[in-house]
Number of protein chains: 2
Amino acid sequence: MTASLRDRPEGRSRDDMLEHAARLFAEKGYDAASMRDIAEEVAVRPSSLYHHFPSKERILFEICYGFQRDFNLEVLPELRADRSPEAAIRAAIRSEILFSNRRWSQVRVASRERRSLPRELQAPINALRRQYRDAMAATIERGCREGVFSVPDPKLAAMAVLDMISGLGHWFKPRDRSDLERMAARYGDAAVAMLRGWGAATAG
Amino acid sequence: MTASLRDRPEGRSRDDMLEHAARLFAEKGYDAASMRDIAEEVAVRPSSLYHHFPSKERILFEICYGFQRDFNLEVLPELRADRSPEAAIRAAIRSEILFSNRRWSQVRVASRERRSLPRELQAPINALRRQYRDAMAATIERGCREGVFSVPDPKLAAMAVLDMISGLGHWFKPRDRSDLERMAARYGDAAVAMLRGWGAATAG
DNA sequence: TTCCCGCACGAACGATCGTTAGGTTGACCG
DNA sequence: CGGTCAACCTAACGATCGTTCGTGCGGGAA
């Protein structure tokens, strides 16, 4: 049946450890979740974790970096230049919302516990995040050049859209798939409305 | 000169302790910042902190609750009904951005470290936050009835606007006052643009 | 002056933390 | 069969945590 009897009989593989750790970090916070907590969740003694990871810090890093890497692999292509800026933004937003929903725990860990990492481990993660943000800003700027968007500052607009979506990822729990898709569509609408009218909605 | 010689000669009052604690909690996180860290910052021995607060948990609560209370006191009145919905939203956003900038550390602590509190201490803080969110949603709904806004769901729109602004509060560091005011105006524009066009920007 | 008490102190408590050392198991390879 | 090695174990290390205890000081009241 299974490939080998040496394989973990239950969910005790390296990836399972990362997943359980992510869930605990998301629920209790990085510092409040102990190695003993993680070990108990995986049904393993604390010392056994050190056969797979050199430190607790490294576990956090792998969760954060792995998430952001997969995130960029899945979401970034949606912003490719052969799409209209509006379609690209909508697709990216939908992809981000779907992805963030699929990896619920890791979203929270990557955004809220990243600061527990030393600077040199934060850097590669921040670089990935910046890459996505720049791509979003470039798409918005393209939309402005084509006259479909109008914003005072594309980079600022990208931050606003990203904050809006990542905020959603912190509280929105869809009932089912259609609920999720509806929310993705609505947030696409919201972002497009903002990007279209921002420049014209000057106060006073 | 001073009112009394019994007063703290330097910044060692109860409020100073809360302020230093907030800064440490914001920088290192609630769990990573120890009572000894706080004591050192205030130039006091750790045990002395317990003459002012019964526990570390209580310090966190007073920071979070005090912030949200002052927040509502300052920002909520901007949403009063004798203003046009658009003006109310703009004023509230400006007020929130200014207030959050003035209380930089506490914003971060109240939003990111609140979960370290037990449920019964989170409840009153959440109630205050919900009060603000409901007021924002009511203002948006009023704007829809008056025909100036168009959104599929006022509560969802309120969450989107709030997430956008609180996201800003986590990364935006203004150079000076005019920089801050310009950002407040721009985010007001962004929110108004979104609330106006959301309903009309349906995809497909 | 004497008493009082708010406030800060030094020292230590027990608990829990991340991590390590050393031993045991058992599937695989020659 | 005997050797190898990854994986897991038990036990414990030193450090640090939040917190408590008993004491000392010093200004205001009596």
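Lettering follows sequence order; numbering is per chain, from 1.
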Whole Å only: how far is the CD atom of B/E40 from the P atom of D/dG18?
14 Å
For a quick check, with a 4.0 angstrom heavy-atom cut-off, what is the B/S/- contact string for nucleotides 15-20 of chain C, read 5' to 3'?
--BBBB
Just by distance, with hydrogens left out, do B/Q68 and B/Y132 show a side-chain donor and acceptor under 3.5 Å apart?
no
Dump the intermediate steps for ring pair (Phe, Tyr, Trp, His ring centres under 6.0 Å) on A/F67 and A/F99, then the final yes or no.
CA-CA 10 Å; A/F67 169 78; A/F99 185 80; 5.5 Å; yes
Please find the pair of heavy atoms, one from A/M194 and one from B/A190, that lie closest to each other, and give the distance.
CG-O, 3.5 Å
Ignoring hydrogens and angles, does a donor from either the side chain of B/H51 or the base of C/dA8 sit under 3.5 Å from an acceptor on the other?
yes
Counting the atoms with a prime plus P, OP1 and OP2 as sugar-phosphate, which does B/R45 contact under 4.0 Å by heavy atoms, base, sugar-phosphate, or nothing?
sugar-phosphate
Donor-acceptor under 3.5 Å (A/R94 side chain, A/A91 main chain):
no
Distance check, rounded to the nearest 0.5 Å: B/Y187 atom OH versus B/I89 atom CD1?
15.5 Å
Say whether A/H52 and A/S13, considering side chains only, have a donor N or O and an acceptor N or O under 3.5 Å apart.
no
Using atom types as modelled and distance alone, determine if a side-chain donor or acceptor of A/W198 lies under 3.5 Å from a backbone N or O of B/V192.
no
Please give the angle, rounded to 10 degrees, between the axes at the start and the end of the helix from C/dT1-D/dA30 to C/dG30-D/dC1, where five pairs define each axis.
0°
B/Y30 ring centre to B/K56 NZ or CZ under 6.0 Å, with the angle to the axis within 45°?
yes
